[in-house]
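Single-structure report; data block below.
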There are 2 protein chains.
Amino acid sequence: MEKLTQSLEDYLEAIYVISLTSKVVRVKDVAEFLDVKTPSVVDAVGKLSERGLVVHEKYGYLELTDKGYKIAEEVYDKHKKIYKFLNEILGVSTSTSKKDACNIEHYISKEAMTKMIKFSEFVDTYPEGYPQWLKDFNYYVKHGRHPENISMEK
Amino acid sequence: MEKLTQSLEDYLEAIYVISLTSKVVRVKDVAEFLDVKTPSVVDAVGKLSERGLVVHEKYGYLELTDKGYKIAEEVYDKHKKIYKFLNEILGVSTSTSKKDACNIEHYISKEAMTKMIKFSEFVDTYPEGYPQWLKDFNYYVKHGRHPENISMEK
DNA sequence: TAATAAAGTTAGACATATCTAACATTAATT
DNA sequence: AATTAATGTTAGATATGTCTAACTTTATTA
């Protein structure tokens with residue numbers, strides 16, 4: 001199976017995300033979600049249909065096939081994990097983390113993705129709760145230097 | 001000034017990077033560097049010339065203008081810093097870090113970039129040298145769990 | 001239910017970015 | 001210096017992805 005373009009991946013993901021909170025997904029919803037016009041959606045959906053990722057009866061709602069659902073889920077999963085890393089580890093604002101995740105999700109390698117996930121996991125399962133060194137990083141960002149008492153942390 | 005497309009940014013960066021190790025930059029060099037054919041380079045260079053970022057006399061060498069140099073430098077600087085973060089902090093292989101940096105450099109926000117740089121800096125200037133917690137992260141990646149003696153670290 | 005509004009579709013234009021094939025210029029070599 | 005090789009350019013094709021304007025279908029409502 002040919003790799004999807006970033007654009008088609010976006011459309012697939014949009015359908016998925018909209019379906020998480022809506023009973024049905026319309027062409028118009030996707031257009032609004034991605035900030036494009038409806039003919040662009042119709043075009044893209046046509047291509048996704050040809051590939052067996054979306055089902056679309058003329059003038060009807062959009063539905064993901066099992067195959068489409070699986071791919072969309074994977075893409076969105078990447079999105080969420082990149083978001084989490086940027087936001088929770090690096091301290092990037094929620095809105096920027098969201099935007100960056102939207103772009104990066106299409107390009108990042110499996111290897112970097114794995115490491116990013118591991119890092120979040122590493123922090124989440126830190127034996128003594130939220131790590132002191134991450135607090136220190138926040139201090140460093142704020143004050144431009146390491147806190148003084150770093151050697152006394154427990 | 002209109003934002004450059006990813007593609008044009010790539011061409012500009014390529015000219016810059018090649019010029020770091022070569023006296024002159026030829027159309028052919030850029031084509032090889034970016035793995036495209038020469039007409040694509042000629043096209044792109046035409047656009048970059050129109051914008052005053054590159055100087056190109058017919059059948060001659062390629063040169064960056066001051067403006068072009070500055071932009072290229074910024075892009076490549078981002079590249080290096082993303083690379084460093086992926087490679088040194090997350091432990092992504094050099095080749096993958098390079099590829100990912102190539103893509104991500106075009107999309108990442110200023111804010112996330114700043115945080116990424118700060119994080120690398122935070123680690124580089126860590127008071128006691130290479131941080132124990134980063135060693136612990138490597139352990140975590142390798143063994144899937146935190147090391148036992150984490151509370152005894154100094 | 002007939003008229004109107006909303007949503008969806010089609011056709012065709014346009015921009016970007018790439019390519020191949022043919023041609024032009026410059027550099028190297030005999 | 002003439003020939004050949006290397007490099008650069010042009011023209012035209014193709015693919016992607018978007019748009020506007022015109023039209024069609026479906027849904028709403030008066």
Side-chain angles (χ1 to χ4, degrees), chain A residues 1-15 18-19 21-64 68 71-72 75 102-103 105-107, chain B residues 1-15 18-19 21-64 68 71-72 75 102-103 105-107:
Chain A
M1 164 73 94
E2 272 277 303
K3 211 176 155 297
L4 289 172
T5 62
Q6 162 174 6
S7 173
L8 290 183
E9 231 172 59
D10 277 332
Y11 284 101
L12 203 63
E13 190 185 11
I15 297 169
I18 294 165
S19 75
T21 56
S22 297
K23 284 237 164 64
V24 295
V25 180
R26 281 167 301 190
V27 168
K28 192 198 145 216
D29 301 327
V30 175
E32 276 168 12
F33 188 92
L34 293 177
D35 197 28
V36 295
K37 305 296 180 183
T38 55
S40 305
V41 178
V42 174
D43 258 32
V45 165
K47 288 174 191 165
L48 292 170
S49 292
E50 276 174 24
R51 293 190 184 227
L53 304 175
V54 165
V55 175
H56 183 216
E57 281 175 71
K58 246 191 179 183
Y59 299 102
Y61 300 127
L62 304 177
E63 277 182 45
L64 297 172
I71 295 172
V75 175
C102 271
N103 292 315
E105 67 190 6
H106 303 294
Y107 298 109
Chain B
M1 163 75 93
E2 273 275 303
K3 211 176 154 300
L4 289 171
T5 61
Q6 162 173 4
S7 173
L8 290 183
E9 231 173 59
D10 277 332
Y11 283 101
L12 203 64
E13 190 185 10
I15 296 169
I18 293 165
S19 75
T21 55
S22 297
K23 284 237 164 65
V24 296
V25 180
R26 283 167 298 191
V27 168
K28 192 199 145 213
D29 300 327
V30 176
E32 276 169 10
F33 188 92
L34 293 176
D35 197 27
V36 295
K37 304 297 180 184
T38 55
S40 305
V41 177
V42 174
D43 258 32
V45 164
K47 289 175 191 164
L48 293 170
S49 292
E50 276 173 24
R51 293 189 183 228
L53 304 175
V54 166
V55 176
H56 183 215
E57 281 174 73
K58 247 193 180 182
Y59 298 103
Y61 299 128
L62 304 176
E63 277 181 45
L64 296 172
I71 296 173
V75 176
C102 271
N103 292 315
E105 67 190 6
H106 303 295
Y107 299 109

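Only this structure's heavy atoms are used, side chains among them; waters, hydrogens and symmetry mates stay out. All chains are named by letter (A, B, ...) in the order of the sequence lines, taking the proteins before the strands, and each is independently numbered beginning at 1.
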Atom pairs under 3.5 Å, N or O on each side, protein against nucleotides 22-29 of chain D: can you list them with distances?
none

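- A/Asn103 and B/His106 are not linked by any side-chain donor-acceptor pair at a separation below 3.5 angstrom, with hydrogens and angles left out of the test.
- Between the NZ atom of B/Lys28 and the C1' atom of D/dT9 there is a distance of 17 Å, rounded to whole Å.
- Here C/dC19 presents its C1' atom at 15 Å from CG of B/Leu34, a figure rounded to the nearest Å.
- Distance check: B/Ile15 CD1 to B/Leu62 CG gives 5.0 Å after rounding to the nearest 0.5 Å.
- Atom CG in B/Asp10 sits about 8 Å away from atom P in C/dT18, given to the nearest Å.
- Within 6.0 Å of CD in B/Glu9 there are more than 12 heavy atoms belonging to other residues, nucleotides or ligands.
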Using a 3.5 Å cut-off and no angle test, enumerate the donor-acceptor pairs between side-chain atoms of residues 37-57 of chain B and protein atoms at least two apart in sequence or in another chain.
from	atom 1	to	atom 2	distance (Å)
B/Ser49	OG	B/Val45	O	2.9
B/Ser49	OG	B/Val54	O	3.4
B/Arg51	NH1	B/Glu2	O	3.0
B/His56	NE2	B/Gly60	O	3.4

How does protein reach along nucleotides 13-20 of chain D, written 5' to 3' as B (base within reach of a heavy atom under 4.0 Å), S (only sugar-phosphate), or - (no contact)? ----SBBB

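- Contact between A/Ala72 and A/Leu12 at its shortest, heavy atoms only, is CB-O, 3.8 Å.
- We find that CZ of A/Arg26 is positioned 12 Å from C1' of C/dG8, with the value rounded to whole Å.
- Considering CG of A/Leu34 and CD1 of A/Ile18, their distance stands at 7.0 Å, rounded to 0.5 Å.
- Summarising the local packing, OH of B/Tyr61 is surrounded by 12 or fewer heavy atoms from other residues, nucleotides or ligands at distances under 6.0 Å.
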Does the side chain to side chain contact (heavy atoms under 4.5 Å, CB included) test come out yes or no for B/Leu8 and B/Lys3, once each step is laid out? CA-CA 10 Å; B/Leu8 290 183; B/Lys3 211 176 154 300; over 6 Å; no

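- Residue B/His56 places at least one side-chain N or O closer than 4.0 Å to OP1 or OP2 of D/dT9.
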